[in-house]
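What follows is a set of notes on a single structure, which appears directly below.
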Amino acid sequence: MMGGAKQVINDYIDEQRASQAEWLADKGIIQAKDEATGQILTPEELGERYRGNPTLLLADNELEGAEAVQSFVGYEAALLALEAATNRKKLVTDLAEFKEEAGKILSQINTKSPNALSEALGQYGAEQVYKDLGLKQNEGFIHRYHGCDNMMDCKKRGLVEIEHKGYNSNSTHLSENKHFERQGSDDKNKRWARRMKKKVPKVGQASNRKGGPYEQKELALWQSILDKNGEKNHLAIFTNTESGQVRYFWQDDKGNLLPPKDGTKQEFIIPEFETVKRTFADGLKALKGNK
């Protein structure tokens with residue numbers, strides 16, 4: 001998990017604990033004493049004792065991501081928006097899991113993009129599909145602004161490339177590059193793998209690009225794809241950002257969508273979608289400093 005995502009979770013849980021402690025003390029339900037002085041702590045003092053104790057420890061290489069997400073304009077407001085949104089209505093999905101996913105997504109997408117909300121919802125829909133299919137994050141994949149959206153590992157199928165979209169309709173459109181190679185096709189992936197191979201000399205070099213410096217494990221992943229001529233499994237996921245419907249399709253080697261097998265249901269509605277959508281909208285608004 002990226003340092004930025006962990007920081008969002010830590011700050012949220014910190015505030016949750018502190019607020020709950022303050023409320024319980026204010027209502028006289030609990031009392032706490034300072035071990036050194038024996039004095040009863042005020043609700044505010046008790047709350048402060050809960051702050052600053054991270055739930056998820058940050059590794060050295062994750063500190064930069066944590067500092068970056070905290071430096072966002074309106075970051076504190078975004079946390080409050082995330083808190084307020086989930087109090088509007090109880091989510092059918094597990095609340096803690098939703099918080100973690102929302103924090104991770106907000107730290108990964110380009111929040112300055114005019115399509116940021118669609119991107120967030122498209123990624124959130126994809127996260128639900130990963131759980132349905134039992135897909136696990138490939139450790140060599142690093143999220144960047146260009147290239148595919150994700151690489152996942154599947155016990156049955158092996159490496160799976162992901163393209164996820166957030167559209168305000170039931171569109172299943174996948175774009176093509178200037179070479180007429182569709183997203184999710186073997187040819188497009190082979191071309192991208194060749195491009196990534198050229199980045200080997202830049203491994204470890206300081207960079208402000210999304211995802212940070214190129215890493216050896218990242219280029220090893222793309223080399224393995226190049227060795228197989230771009231051949232692997234491809235999965236396209238489409239989230240309707242108006243209805244919350246998510247549909248997913250396996251793709252053939254040309255990137256064409258394959259129809260579901262008989263009896264296989266490859267679609268669902270995101271539970272409490274309007275609450276989920278408002279949460280991301282409020283969070284993005286706060287991260288942009290309400291501009």
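The first residue in the sequence is number 1, and the count goes up from there.
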Which value, rounded to the nearest 0.5 Å, describes the distance between [X] atom [atom1] and [Y] atom [atom2]?
| X | Y | atom1 | atom2 | value |
| --- | --- | --- | --- | --- |
| Y130 | Q137 | OH | CD | 7.0 Å |
| I237 | E127 | CD1 | CD | 9.0 Å |
| K228 | N189 | NZ | CG | 12.5 Å |
| N168 | T239 | CG | OG1 | 12.5 Å |
| N256 | L174 | CG | CG | 9.5 Å |
| D187 | N229 | CG | CG | 9.5 Å |

In the structure I gave you, are the side-chain heavy atoms of [X] and [Y] within less than 4.5 Å of one another anywhere?
| X | Y | result |
| --- | --- | --- |
| F249 | L258 | no |
| H173 | K165 | no |
| Q205 | P213 | no |
| E231 | K190 | no |
| E176 | E181 | no |
| R157 | W250 | yes |
| V160 | L133 | no |

- Go through the steps for K277 and E272 under the test salt bridge (charged side-chain N to carboxylate O under 4.0 Å, His left out), then give the verdict. CA-CA 9 Å; K277 185 174 182 177; E272 304 296 349; over 6 Å; no
- Does I162 share a hydrophobic cluster with I225, counting links as ILVMFWY side-chain heavy atoms below 4.5 Å and allowing steps through other members?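 I162 does not cluster with I225.
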- Message: I'd like to know if I109 and M152 are part of one continuous hydrophobic network [Ile/Leu/Val/Met/Phe/Trp/Tyr, side-chain heavy atoms within less than 4.5 Å].
- Response: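 Linked, M152 and I109 end up in one cluster.
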- Message: If you apply the rule side-chain hydrogen bond (donor to acceptor under 3.5 Å, both in side chains), what do you find for Q128 with K131, and how did you get there?
- Response: CA-CA 5 Å; Q128 313 318 302; K131 287 182 285 188; 2.8 Å; yes
- Item | Nearest heavy atoms of S185 and R182, plus distance in Å |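 The pair with the smallest heavy-atom distance is OG-O, 2.7 Å.
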- Item | Where F273 and N240 come nearest, the two heavy atoms and their spacing |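 In terms of heavy atoms, the two residues are closest at CZ-O, 4.0 Å.
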- Query: On the ring face of W222, is R195 found with NZ or CZ under 6.0 Å from the centre and within 45° of the axis?
  - Reply: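 No, R195 and W222 do not form such a contact.
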- Message: Atom CD of residue position E139 - does it have more than 12 heavy atoms of other residues, nucleotides or ligands inside 6.0 Å?
- Response: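 Incorrect, the count does not exceed 12.
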